[in-house]
Amino acid sequence: MTELTAQPYPFAFELSHTALMIIDMQRDFVLPGGFGESLGNDVSRLASIVPTLQDILHAWRRAKGLVVHTREAHLPDLSDCPNAKLHRGQPSQKIGDVGAMGRLLIRGEWGSDIIDELKPVEGEIVIDKPGKGAFYNTPLLESLKRHGITHLVITGVTTEVCVQTTMREANDRGFECVLMEDATQSYFEKFWLSTLEMVRAQGAIVGWTATSRDLLSALQSMTP
Ligand code: C5J
């Protein structure tokens with residue numbers, strides 16, 4: 001059992017029962033010209049966590065831990081995209097419209113894939129999800145159970161939307177979750193901070209938060 005320095009108190013985990021989750025680090029959210037920008041957001045805030053995420057991913061791979069990547073991506077015929085989601089927010093371009101990187105948030109399109117810096121490798125799990133939470137209408141729960149996973153190290157974007165929703169879904173399903181403070185980001189600074197504060201409040205009501213520095217040093221001590 002490893003003890004990771006975390007808030008509100010140390011997070012204990014066994015690597016063989018813990019998965020690193022990298023949520024929605026897709027070109028559509030992180031690069032200019034994608035879905036995130038079509039909603040009027042400054043995407044550079046999200047790109048700022050890429051080097052930290054690379055450090056965590058490489059260390060996790062060296063330690064031989066399980067990695068799960070998610071993508072918010074819909075079927076080409078949009079049959080898995082409710083009208084409410086499609087039309088919400090009056091974006092300049094809707095899900096499925098053709099943007100600079102292909103059809104926005106559509107499976108198989110260049111823009112909906114994961115950025116080159118964090119590209120999945122063989123043996124890692126990739127989950128396409130139609131909702132904000134990674135457990136809704138996906139095989140994620142069965143897949144985690146098959147691998148004996150009980151604990152999740154959660155990273156990615158955006159902190160208060162897909163990351164927080166997934167963490168709450170995981171918590172309700174009995175997973176112990178730690179959110180990496182400097183490996184998650186939002187288009188809004190105050191939402192990033194509020195999410196960190198609310199998940200770890202009341203004695204880790206949703207889960208823990210920790211920094212990449214502490215995770216990397218914990219991983220170093222367990223890597224041969
Ligand atoms: C959003 C996400 N923000 N991955 N998706 O629409 O957080």
Side-chain angles (χ1 to χ4, degrees), residues 20-50 52-53 57 67-75 78 80-97 99 101-107 109-115 117-120 125-138 140 152-171 177 179-196 198-199 206-207 209:
L20 171 67
M21 283 200 74
I22 304 182
I23 297 183
D24 298 0
M25 288 301 291
Q26 300 160 251
R27 298 186 183 102
D28 263 334
F29 290 115
V30 176
L31 299 185
F35 182 67
E37 198 173 71
S38 83
L39 296 173
N41 297 306
D42 168 11
V43 295
S44 65
R45 288 188 52 82
L46 304 198
S48 71
I49 62 169
V50 172
T52 305
L53 258 171
L57 177 59
V67 181
V68 179
H69 303 260
T70 70
R71 298 183 290 216
E72 183 175 347
H74 292 277
L75 295 167
L78 294 177
D80 60 352
C81 184
N83 265 338
K85 178 173 183 182
L86 194 56
H87 298 292
R88 186 78 50 79
Q90 303 171 319
S92 59
Q93 286 201 293
K94 292 200 301 284
I95 294 169
D97 286 353
M101 297 185 285
R103 292 182 69 203
L104 297 172
L105 291 196
I106 297 297
R107 290 192 199 186
E109 298 286 334
W110 196 76
S112 83
D113 209 354
I114 292 163
I115 57 172
E117 295 89 330
L118 302 170
K119 206 179 167 60
I125 296 168
V126 181
I127 299 282
D128 282 314
K129 61 187 182 62
K132 304 306 184 195
F135 289 84
Y136 170 67
N137 259 352
T138 73
L140 178 60
L152 298 172
V153 173
I154 298 184
T155 66
V157 297
T158 60
T159 313
E160 78 283 9
V161 185
C162 291
V163 171
Q164 181 172 205
T165 304
T166 297
M167 190 164 174
R168 288 176 183 274
E169 285 183 335
N171 185 56
C177 304
L179 175 58
M180 301 312 300
E181 297 167 20
D182 51 346
T184 182
Q185 202 38 272
S186 165
Y187 297 119
F188 309 92
E189 166 89 20
K190 65 181 177 187
F191 292 166
W192 167 79
L193 185 59
S194 311
T195 303
L196 299 182
M198 73 175 82
V199 300
V206 179
T209 74

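All ligand and atom numbering here is 1-based and tracks the order in the structure.
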Could Arg71 and Asp113 be called an ion pair, given the rule that one side-chain N must be under 4.0 Å from one carboxylate O?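 Here Arg71 pairs with Asp113 in a salt bridge, since their nearest N and O are under 4.0 Å apart.
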What I want to find out is whether Glu72 reaches Lys85 closely enough, with some N-O distance under 4.0 Å, to be called a salt bridge.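 Lys85 and Glu72: salt-bridged.
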Minimum heavy-atom distance between Asp182 and Thr52, given as atom pair plus value: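 Asp182 and Thr52 have their closest heavy atoms at O-CG2, 3.6 Å.
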What's the shortest heavy-atom distance between Ala73 and Asp128, and which atoms?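 Ala73 and Asp128 have their closest heavy atoms at CB-OD1, 3.8 Å.
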I'd like to check which ligand 1 atoms, numbered from 1 as shown, lie under 4.0 Å from a non-hydrogen atom of [X].
X: Val161; result: 1 (C), 3 (N), 7 (O)
X: Lys132; result: 1 (C), 6 (O)
X: Cys162; result: 2 (C), 4 (N), 5 (N), 7 (O)
X: Asp24; result: 2 (C), 4 (N)
X: Glu72; result: 1 (C), 2 (C), 4 (N), 5 (N), 6 (O)
X: Val157; result: 2 (C), 4 (N), 7 (O)

Run through Gln164, Met198, Met167 and flag the one making a side chain to side chain contact (heavy atoms under 4.5 Å, CB included) with Val206.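 Result for side chain to side chain contact (heavy atoms under 4.5 Å, CB included) with Val206: Met167.
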Run the side-chain hydrogen bond (donor to acceptor under 3.5 Å, both in side chains) test on Glu160 and Ser186 for me, step by step, so that the C-alpha distance in whole Å, both residues' side-chain angles and the decisive distance to 0.1 Å come before the verdict. CA-CA 7 Å; Glu160 78 283 9; Ser186 165; 2.8 Å; yes
What is the closest protein heavy atom to atom 1 (C) of ligand 1, and at what distance does it sit?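 Answer for atom 1 (C) of ligand 1: Phe29 CE2, 3.6 Å.
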Which bit of Thr158 gets closer than 4.0 Å to ligand 1, counting heavy atoms only: side chain, backbone, both or neither?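 Answer for Thr158: both.
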